[in-house]
Structure formats: structure tokens, C-alpha cells
> 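Quick one: this structure, given as C-alpha cells, is what I'll be asking you about.
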Amino acid sequence: MTTETHVKDIKPGLKNLNVIFIVLETGRVTKTKDGHEVRTCKVADKTGSISISVWDEVGGLIQTGDIIRLTKGYASVFKGCLTLYTGRGGELLKIGEFCMVYSEVPNFSEPNPEYSNMDQMKNKTVRGNDTTNGNGVNSQGSGSSTTPLQGGRAGSGVGSRANNPGGTTVNGKETRRSTKR
Amino acid sequence: HSQERLERCVAIVTSLTNGLSEREANDAITANVCKGPQQHEEVCLGLFALLLTEPSQAQRCYRDLTLVNRDGMNVILIKINQILMEKFLKLQDVCRTQLVWLVRELVKSGVIGADGILMTLMKQIAGGDITNKNLWLAENVLDIVVEQREWVLKSGMLIAMSVYTYLRLIVDHGTPALLVLRQKEVDFCIGLLREKFMECFIIGRDLVRLLQIVARIPEMELLWKDLLHNPQALSPQFTGLLQLLTARTSRKFLACRLTPDMETKLLFMTSRVRFGQQKRYQDWFQRQYLSTAESQSLRCDLIRYICGVVHPSNEVLSSDILPRWAIIGWLLTTCTSNVAASNAKLALFYDWLFFSPEKDSIMNIEPAILVMHHSMKPHPAITATLLDFMCRIIPHFFPPLEGQVRQGVFNSLTFIMEKRVLAHLAPLFDNPKLDRELRSMLRERFPEFCSSPSPPTEGRDEVKMEESVSLEMDNHVLLDKEGGCYDNTEAAFSDDEEEINNKGNKKREFRFHPIKEAIIEEPADITPYVDQLDDMMKEKVLQLQKGSDTETHCEVMQEIVDLILEEDFDSEQMSTLASCLAELFKGHFRGDVLPDEITEESLEESVCKPVCLVFRNLCQMQEDNSGFSVLLEMLAELYQKQPKIGYHLLYYLKASKAAMGKMSLYESFAQATALGDLHTCLMMDMKACQEDDIRLLCYLTPSIYTEFPDETLRSAELLNMIVAVIDSTQLQELMCHVMIGNLVMFRKDSVLNILIQSLDWETFEQYSTWQLFLAHSIPLETIIPILQHLKYKEHPEALSCLLLQLRREKPSGEMVKMVLSRPCHPEDQFTTSILRHWAAKHDDVLGEHIKALLIKNNNLPRKRQSLRSSSSKLAQLTLEQILEHMDNLRLNLSNTKNSFFTQTPILQALQHVQASCDEAHKMRFSDLFSLAEEYEEPSSKPPKSRRKAPASSPRSRKGAATPVSNEEESASSSASEEEDSKPKAPKRKRKGSSAVASDSD
């Protein structure tokens, strides 16, 4: 079993990230030049929140309150904001809903002046990654790849494996909390 | 994993029977089953899974199952139960249909345990849900119980449960399209109610509640006639409605009307979600279960469930987990139908009406009083509505029983006071926020509870309080903590862990008392515990009780510690011993810890209490010593009975010489407690400390921040605890600590987030936060992005602090950008103020920055700007905005000698912008642009001809591409005007048009 990274430990440039989070907000869809739909979702775990950029049809399946496991994700800076992406061969898998404690702060995708410089430097390479690699599902390009999330949402029979029975108990102990007012 | 297993079992069965005739196949699996229990289980589950997924094989599989199983179908029953409880919602339609078919077959075969399965299946029928899937299930389960009526009649619980279920579902099936189903349900319920009334009687008073809601249906009306006037007709043992109304409803029934998924989510909210963080969870729950008109009926089920089933543990009650009343408040306020709202109120008060302290639990009536109490300030209308309901229900619930209902409500209120849920009711009943009529109605109905505690009566009250306290103190461990953790009200929580033993055995009932009463000195009573100790220990504890001076206490305490550390100490006694110690030392936990005058001697003296001996022993021990963990266990037990011990330990570690450099012991302690982690424990202890002793909080602050930077520096919560209670002297002291270097409260990486969070705090809290921040030397640049969050009129504290700070700075590009990003508002002078100041002091720097921004925003394709703005709602910089701010500055400077607008960079930039902007803007900012009209580049004469050539020059482009450019610009400007009212759609539009613009460039 691979270990999960906490949101607070996600730093620009990290690859091969496995993260379990709960979806707090699903953003509006924007279209890239080559017709991909991109959605920025705000997600969180107990250590804080971060934006994740979700590409194409998977984005439409994600609902707020979903608990999702990201495998093979990577983080980079987009417009001065730390952003999480699905890497090549990675996927988003719904493993439960609702029952996960999260902390919305700190928001690690707040614009960070330190990142802006990096952003400018890396801008081109990051863009390149986005289109080829923005989402694991997308990057396969062939009809053979299925959307794992679909299985999770549409439900499955006894024969299907997309359901994770243990999905509702992903969260560990809560350690952070924020102001009560 | 369980699915993989099922797949494997299917494979086994298939491989066993593949290519064989039916008879041979049967022999093969029978032979396999005989090999052992594992094979038996595999075959059963394989057949089961095949049955669910392959309808064509279902008959054969079920026959095989009945033939080969050797455990009365137990494996199958367990598996069905598991699927029903964990994943029914996720089943595909085929499996769902097959599963219901299988249950029907099991019932037909009379399999033992099928009644349990059927009840679990009923639980899947969601209340308030008339989607086809749910109706299908309701109908099919009803068919089973109707067809198998004889079998149903054999089980009392099944009778009661199906009557409760279908009486409730009838409510949802009132539309004409569903009348056939409803009639079937009515017939079924009436049949059982008439034939097996005493079996239905075990439901308790909620049976009446459900019958009330459906009373208009003719058959039900007839039943009501008998209930009221001819109870014997229903059963000889039934004496009448009152008998049913005084019977408390068993949790089983209240729980059976929630699906497992609803239950899981509600329980998660009441056990894991912190108060203040519930919004999103509530929205999600609402979206899934409460968003339709027909789902409003579910609110009653949820409220009854919360009152009757969700009884949180003491640990949860004393934490800052979302309290039950807050959920009730949410359910009441979001209700969209009047009928449902009035049923919901009745559900909330249902246990009040015939409340009897002997039979009923305080936990069932507590949510109603607390929701009224806590809503008074934020939502007085809710409190008023509920109080009004409480008054009116007395005569209206059922006139012949008015006296009983009055008594029930009276009993509830008395018990609430007795149990100290609220200390006084007068502040609730006689509150100026309620209208006069309601108050006079309350006075009329409840004169006993309305007397405001004026000085003479207060004396009497106190006496009463003393009595009730002393009665209960015998067995109670006190946690004097004012009003739980939510606010400073005198609400207290109590718990009934043990339903029935409630009266006889109160030992486990923990309660919070207002500090006021705790001052009453009570002789410590440890009788309930002391006999459970072994003789040696008992002797020591009794010595401790007898001894009077601190020195003896300390000596005995050391002996007790030594006893604990002995190898043969029976750790079973730990909890009991902790109860004794908590009770005996309760005096130490009252009053101030910190000496009035802080000197070396006074500090040393203050840590000479017997409790501190445990701390001292801990400090002297190596962490790998086995005794170390035993002592930690001891402290963890004590902490359960006396949470104050947490901050006492922090104090000891800081104040005692013996503990020098051992502050980190606290972490070990935190991990040993039931809370189990440093952050939570530290926050709880600091909160407790804040409530008890503010001086101590300030005294501990430097060490806490120094010793636990990871837990403290990012915690807005902790900071708020401090700034919420300190006075200006303490603030000044803390600032000095910061400047001396004793205290670091902010770090570059987290300060911005904390300041943003502080924006909702009280004014003094915010000012204190800024003062503390300014005492650090963190560059202002770090927190400049906060400007994007600051709204005119909403955040005056932060804006004024920031204004004064910006004034001292030389403007940087980022600062100017942030300042100009503020939306223009005629009354908001922030930007003009700071720009004017900079224009006077740093005109050249400001000029350059503004030029850069003007040119950049003029040239940049707007696409990029709007992409960013789609991801956040923060203030954005637009060209128009810059011009507007500039124009304001121009007006402001017009009668001064300031020469800011004569600077070359500004004039260049203005010309540049003017050249490419549309007519509307030219008109609007004509005065501003006119400043630059006269200006010509000093050295422009000779190279002018050369500069004319490139198409990129704004002036030349203007001539060449006027039609296109005008079109684009007017499209974009009209879009940005719409933006105020409709932020979303126009932005996309604008992006589209600017994309064209950038292409044509």
C-alpha cells in the first residue's frame, strides 16, 4: 500500500503523489484551446485545502462531499497558485463521501508571491505538461481506458470492483482545527 | 475486498459445475460442501452471488442453496445484512431486484432469522423519498409482509416495526398517483393495529405521533375513535391514550426510519464535526435528503432520532463537537413547508408533553431547551416560535389531557433546572428580545420559572442550588467549566449513559456546572470509590482525606505515587483512584493558580500542591522507565475526571524549577490522554485556562508558542483565545515579550492566513492581533495580499491598521498593484489616501509603478486576467479601475502644489492608454487624459518618423484599425459593466471577445 501525502506536505514539483481528500467546491468549467474542459476544484484533508485541476469528463462526475483518492498526482504552480494535477497513469477514485474531517485553512493554493517567480520561470514547461498530462484518464487517449470515478458514482453490482467497501472510513484522527466563530 | 471474494466464490461454483448436467452439478457441489466449513462457505456465497447477478439462474441457485447449506442459511443471512447496511445504495438495479426476491424466498421458506433481514430491508425504504426506486422498494416489501401475514404475526417486533414503518410511509404517499399504494399500506397497518394492538403498543408514544399525522384518513379516523373512547376494543390490557403517551419510545423505532446512510452521516456530524465547521456537511446532507418538497416529512424523523437516539458521550459533550441543538436549529430553520415545520416542532417537544423524570431521559428534552437558549441572541424569532409552541401545545395537544401535558412540560422544565442544563429560566422566558404578548403568556403559564433573580430572590435560589448540588455531588465528579465550550452562557450538559439505571446509579453522570456554584465548599465524598481500592491504597486515600495540612497531603501523595509505581500495582484501580484524587483535590482546582506577585519563592510555593507531586515524579523519571508510562496513565485518568489538570501541568512545567527544560513532557501527556494528540489537547487546555484564569493564560503564552511552534503558530484559534480575553495591559506585556525575543506568535508562512481569519473577530481582538503582528518584524510585503480580502465597511480594523503601515513604506510594485486593485467605491477613500501620501513622499517611485501597471494592463490580452478571476473571488485589477483611482487622486490633488501628474512616466502612460482606449472611456476620463495632452516626448522630434513605422505603436494602430478595435473595446467594456450584477456569464463573454482581440494583435 502506498502512503498518502497530506495536503500540507504538497510542494511544487512533487510527483507521484497519492492524496486522499474531500471535495469542497467544484469550479466552473473552462475550455482550453484544444477543446479540453478544465475544472478547478477546491479539496481538503485534515491539514488544509488546495486546488486541483480536473480535466474533461471526470470533472463532471465529481460532486462536493465526495471523498476521493488521487494516485500519481503532481503539484505545480499555476498563476502563482499551488495546484494539484492528475499525472500520467494516475487516477481519481471516489472512495466514499461525507464522512471525512477536513480543515479548510490553511489554503495552500492562496496566491503566493514566492511562487509567482517560479511560475514565470517555469510557465512554458508547466503548460506543456498540462495538455499532455493534465489528467490520467485524458492522457491515455484511447477508448480502452475507463473512468474509474464513473464506477464509483454510478454504483456497481456485486461483480464490479469499482466500489471500495472500506471507503467511508478513510479519515484518520483529526489534528488541526480552525477558529470556531 | 468482499466483492473480490464473492467473485472468487462464483468462479469456484462455476468451475465445479461447468459442463455438467444439473444432477451431476448438484452432486459436485454437495461433495465440495462436505469437504469443510471453508468450502461450504465458498459454495454458499458463490451461489448467492450468482443468484444476485444472474436472474435467469436465480431459481436454480436458490434451490441449490437450500439443498446444500448446512447452517440454516446463516452465511447468507450475514452477507445480506452486510450488503443492506453498507452498500444497498450502490447496488445495481438487477441486484437490488434479486436481493428483494431472495428475501421474499427466505421469508416464504420460513428461514430462522428472516424476520431480522426483513426489518433491515425495511430500513432501506427512505422517508420523504418518492422516487421510483424507493416506491418500488416500499411496494415490494409491503407485498412480502402482506403475503406472509401469518408469518409476520409470529414476531412481535416485526409487527411493531412494520406498523411503525408503514404508518410513517403513508405520510409520503398522499398524491393521487400513489393512492393505490397508500390504501394497501393503510389496510395493512389498520389490520395489525386492530388485531395485534398490544404488539404495536411496544412502540411507545411515537405511535401516537404517527397516528396523529395520518388521522384524517377515514380508516384511521375510526381507529382514533376507538383509541379515545373505546380502548378496550383494541385490547383488554389497553386502558387508554394516556397509557401509550407515557410510554417512552424505544430507540429501535426512532432509528428504524433512517436509512443506514442517513444514520452514518448524522452520527458523523455529531461525533466528528467541530462546531462552526458544519456548514458544508449540512449543505451536503440537505442536497441529498432534504431538498425536495416531499422530503420535508423526513425532518421529524431526524429530530426524533437526534433527541432519542443520539446521546453523545461525556467526552464528546465536553469537546467542541457540533452539539445536537445546533443540528436541530438547522433542521428547523431550513424547513420549507408549514405543515412539516409544525410537525417538526411537535417532534422536538414530544418527550416533554408527558415527561416523567423516572421514566424519561434528560437527553430527550435537552435539545429543545438548548436550541431555544442558544438561538435567543442570533435568531430570537426561532426561540420565540418555540416558546410560543411550548405554551400553546399545553391546551391544544389534547384538551382532555391538558392537565397531564401541563404537568409534563412543568416536569421537563423542573428537571432541566435540576440537572443544570440551564441554571435559570427567567433569562429565557423574560427576555426583552421576546415580544410583550409572548412574555405575558409565559408568565401566565409558568409563573414559577419567570421570577427574575432579583437580589432577595437570588438568595433563595442560591440555597436551592446548594441543596441540589449537595444531593448530587455525592456521586458526581464536577467539571466546573462555564457553559461548555461554545459561548459564555450557563448552559450545562448532562448525559444519561445508562438509560434505565439512571436513577439508581449516577456514578457516571458527568456534568458541567457554572463556576458560581463550584465555590460552595463541599466536603469531598469518595465513599462510592474508596471501597473498590485495595487495602493499602484505601488506607492512604483515607489518610489523604483526613489530613488537613498541605505537607501531610504531599507526603501521603508521594506514598500513593510510590504504590502506583510498584510492580504489583493493579492498574484496574487506576480509574477509581483517579476519581478519589479528583474529588479530594477539587479544592486545588478552584481559584487562581498563579500567585498574585510573581517571585521565585511564590512560584516555587505555588507548585507545592499534592497534585504537583505526580508532575514532579514524572519530571524526575527517564522516559524509558516503565514507571513513566504508568504515571502518564494516572494523569490521563485524572484528566478525564478533572480536565483542568492539563493546564495545571503546563503551569507546573513552566513554573517549577524541578521541571526546567521539560516542557516537552506535555506532549507525552497529551498523547497518553483519551484525546491522543498534542494539538487537540493543547487547544482544549488553553481554552480551559482561558475560561478560568486569564493571567495564567498570558503567563503560559510565551512558553507555549516557543515550545510547540507547530501547534501554535498556525492556529488562529489559539490566537483568538488570547486576544479575546486580554486587556490592554496584558496586550502591552505580550508585545514586550515579542520585542524582547521571548515570544514569537507569527511566522512568515502562516501570518497571512491567520490575519485573514481574524477578519471576523471583534474589534478589540482584531486591533490586538495587529498590534501583536506589528511587534514582530515581519516585512509588510508578506501580508499585503490581505488587501484583496478587505471590504470597505466590513473590515475597518484591518484597513486602518494597514493604511498606517503602508504609509511608512516605500511603495513596491506589488503594493501599488494591490492598492489599485481595490474596487472603486465613492465613499471608500483608502486608495486615494495612500496614493496621495505616496504621491507626496515617493512621487517618482509611485509614478514608475503606476506607469508599469497601466501599460501592462493596457497591453495584456485580457484573457489571462479573467482566467485568474474565475478561480477566486478576490479583488481584481482592471484598467478601468486604475484609471478611476487615478482620477480620484487627480481630483484630490487638484488644489495642491503636488506635481505628481506632471511626471514624465505618468504622462507617457496616460498617452499610451488614451491611444488605445474606446470613446466611452476617453469621455469618462477626459480630464485625466487632458493632463497628458500637452505632453510630447522631449527627444521625439528627430526619431518621430521612425517610430511611426511599427504597427505596434498605439498611435498608428489607432488609425489603422479603428473599426476593429472599437468593436472589441466596446464589447469588453459593456461586459465589465454587467459584471457587477452578473459576475459569471459576462466574464466568459469578455474572454471570448478578448481572445479575438489578442488574435488580431
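We name chains A, B, ... by the order of the sequence lines, and we start the count at 1 in each one. Computed from heavy atoms alone, side chains included, the values below leave out hydrogens, waters and symmetry copies.
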> Tell me if the aromatic rings of A:Tyr102 and B:Tyr281 count as close, with their centers under 6.0 Å from one another.
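Yes, ring centres under 6.0 Å apart.
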
> Grab the two heavy atoms, one from A:Ala75 and one from A:Leu82, that are nearest each other, plus how far apart they are.
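Closest heavy-atom pair between A:Ala75 and A:Leu82: CB-CD1, 4.2 Å.
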
> Need one label for B:Ile756: side chain, backbone, both or neither, based on atoms under 4.5 Å from any heavy atom in chain A.
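Looking at B:Ile756, just its side chain touches chain A.
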
> Using a cut-off of under 4.5 Å for heavy-atom pairs, which of A:Gly27, A:Gly65, A:Ser51, A:Ser109 has the most such pairs with chain B?
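When all of A:Gly27, A:Gly65, A:Ser51, A:Ser109 are compared, A:Gly65 has the most.
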
> Under a 4.0 Å N-O cut-off, is there an ion pair linking A:Glu25 with A:Arg39?
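So A:Glu25 does not pair with A:Arg39 through a salt bridge.
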
> Please classify the contact of B:Glu781 with chain A as side chain, backbone, both or neither, using a heavy-atom distance under 4.5 Å.
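Contact with chain A: none, neither part.
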
> Looking only at heavy atoms, which two atoms of A:Ile20 and A:Met100 are closest? And how far apart?
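Minimum heavy-atom contact is O-CE, 3.7 Å.
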
> Check each atom of A:Val23 against the heavy atoms of chain B and say whether the ones under 4.5 Å are side chain, backbone, both or neither.
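When you check distances to chain B, only backbone atoms of A:Val23 fall under 4.5 Å.
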
> With a 3.5 Å distance limit and no angle check, can you tell me whether A:Ser49 reaches the backbone of A:Ala44 through a side-chain donor-acceptor pair?
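Not a single qualifying donor-acceptor pair exists.
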
> Please classify the contact between B:Arg287 and chain A as side chain, backbone, both or neither, with a heavy-atom cut-off of under 4.5 Å.
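Contact with chain A is through the side chain of B:Arg287 alone.
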
> Can you tell which part of A:Leu24 gets under 4.5 Å to a heavy atom of chain B, answering side chain, backbone, both or neither?
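Both parts, heavy atoms under 4.5 Å.
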
